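Order of listing sets the numbers, starting from 1, for every ligand and every atom in it. Only this structure's heavy atoms are used, side chains among them; waters, hydrogens and symmetry mates stay out. Note that the numbering runs from 1 along the sequence shown for the chain. The shown structure was predicted, so the numbers you read here are calculated from the model rather than taken from an experiment.
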Amino acid sequence: MSNDKQKALIIVDVQNDFCPGGSLAVTHGDEVVAPLNELIKQFLDRGEPVFKTRDWHPAKTKHFKAYGGVWPVHCVQGTLGAEFHPDLIDDPRITIISKGIDESADGYSGFDGTNLGQLLRQQNVAEVWVGGLATDYCVKHTVLDALHEGFKVKALGDAMRAVNVNPADGAKAVEEMRDAGAEILEQSAVARP
Ligand SMILES: [Zn+2]
């Protein structure tokens with residue numbers, strides 16, 4: 001591996017429970033799979049690191065409505081709903097980052113309570129490309145944390161979808177990411193690195 005600064009792809013929570021038919025389905029959530037698969041191929045072909053985060057909650061967590069949170073039960077460790085969307089490319093070179101394990105925290109960000117930042121620095125990553133589900137929660141928090149940790153961020157506008165508890169939440173989240181310093185790519189798979 002060279003010492004040059006490199007890019008990494010971070011795919012946030014493309015799991016069954018966030019896709020149509022899941023317990024916390026994001027409208028058109030499965031539409032992110034095709035552009036993300038294209039990017040996975042490009043990054044792996046260039047030998048660049050690819051990470052998939054997954055929401056990986058205990059059955060009892062304050063993140064869920066029943067225990068004081070706001071969300072229905074989703075992505076409980078070991079369940080079908082917590083598995084990655086079946087069409088999302090699987091490859092042994094991809095590193096899986098489990099988050100949301102702490103029963104006292106929401107764990108929206110891929111950096112929250114994980115070693116993602118450490119792994120990126122170890123691999124000399126300077127820039128991360130971030131897409132997945134959902135724009136207004138886990139993608140946004142992952143992007144903001146990546147910026148906070150000093151990474152350059154390209155947010156994949158065409159490869160993220162929002163929960164939109166309020167209809168404008170997704171658009172607001174994109175503005176927030178842009179204001180914080182992320183570049184928003186609208187045609188990520190054809191963007192030149
Ligand atoms: Zn969650």
Side-chain angles (χ1 to χ4, degrees), residues 8-33 36 50-88 90 94-120 128-149 153 155-157 159-174 176-177 180 182:
L9 176 63
I10 301 173
I11 294 168
V12 178
D13 298 9
V14 181
Q15 292 165 272
N16 290 325
D17 271 343
F18 295 127
C19 290
S23 68
L24 183 43
V26 174
T27 308
H28 304 299
D30 53 340
E31 291 176 4
V32 304
V33 172
L36 289 174
V50 176
F51 297 86
K52 285 178 185 169
T53 72
R54 63 179 179 186
D55 230 5
W56 198 244
H57 296 304
K60 185 181 173 186
T61 161
K62 73 152 208 139
H63 185 59
F64 295 158
K65 240 177 235 164
Y67 305 101
V70 297
W71 303 111
V73 172
H74 62 276
C75 299
V76 172
Q77 296 164 11
T79 62
L80 183 64
E83 289 180 13
F84 293 113
H85 188 287
D87 296 336
L88 187 68
D90 192 15
I94 298 173
T95 303
I96 294 171
I97 301 289
S98 300
K99 66 185 188 56
I101 293 170
D102 183 346
E103 63 189 41
S104 66
D106 286 311
Y108 292 130
S109 164
F111 291 88
D112 187 1
T114 73
N115 63 348
L116 177 58
Q118 187 191 341
L119 292 173
L120 291 168
V128 294
W129 290 34
V130 184
L133 303 170
T135 306
D136 35 358
Y137 289 93
C138 293
V139 172
K140 180 181 88 171
H141 286 277
T142 301
V143 163
L144 296 179
D145 276 358
L147 290 164
H148 189 71
E149 296 223 7
V153 178
L156 311 175
M160 60 174 73
R161 294 293 182 275
V163 176
N164 284 332
V165 172
N166 301 299
D169 285 354
K172 276 189 207 155
V174 170
E176 212 177 322
M177 290 186 259

If you measure from CG on Asp17 to CG on Leu24, what distance do you get to the nearest 0.5 Å? 7.5 Å
Between His74 and Asp55, a side-chain donor and acceptor under 3.5 Å: yes
With salt bridge (Lys or Arg N to Asp or Glu O under 4.0 Å) as the criterion, how do Asp13 and Arg54 come out once you've worked through the C-alpha distance, each side chain's angles and the decisive distance to 0.1 Å? CA-CA 5 Å; Asp13 298 9; Arg54 63 179 179 186; over 6 Å; no
Can you tell me if, anywhere in Asp55, an N/O/S atom lies at a distance from the Zn ion (ligand 1) that is smaller than 2.8 Å? yes
Got a sec: is His57 within less than 2.8 Å of the Zn ion (ligand 1) via an N/O/S atom? yes
For Glu103, I'd like to know if atom CD has over 12 heavy atoms of other residues, nucleotides or ligands within 6.0 Å. no
With carbon and hydrogen excluded and only N/O/S kept, which atom of His63 is nearest the Zn ion (ligand 1)? NE2
Short check: any N/O/S atom of His74 below 2.8 Å from the Zn ion (ligand 1)? yes
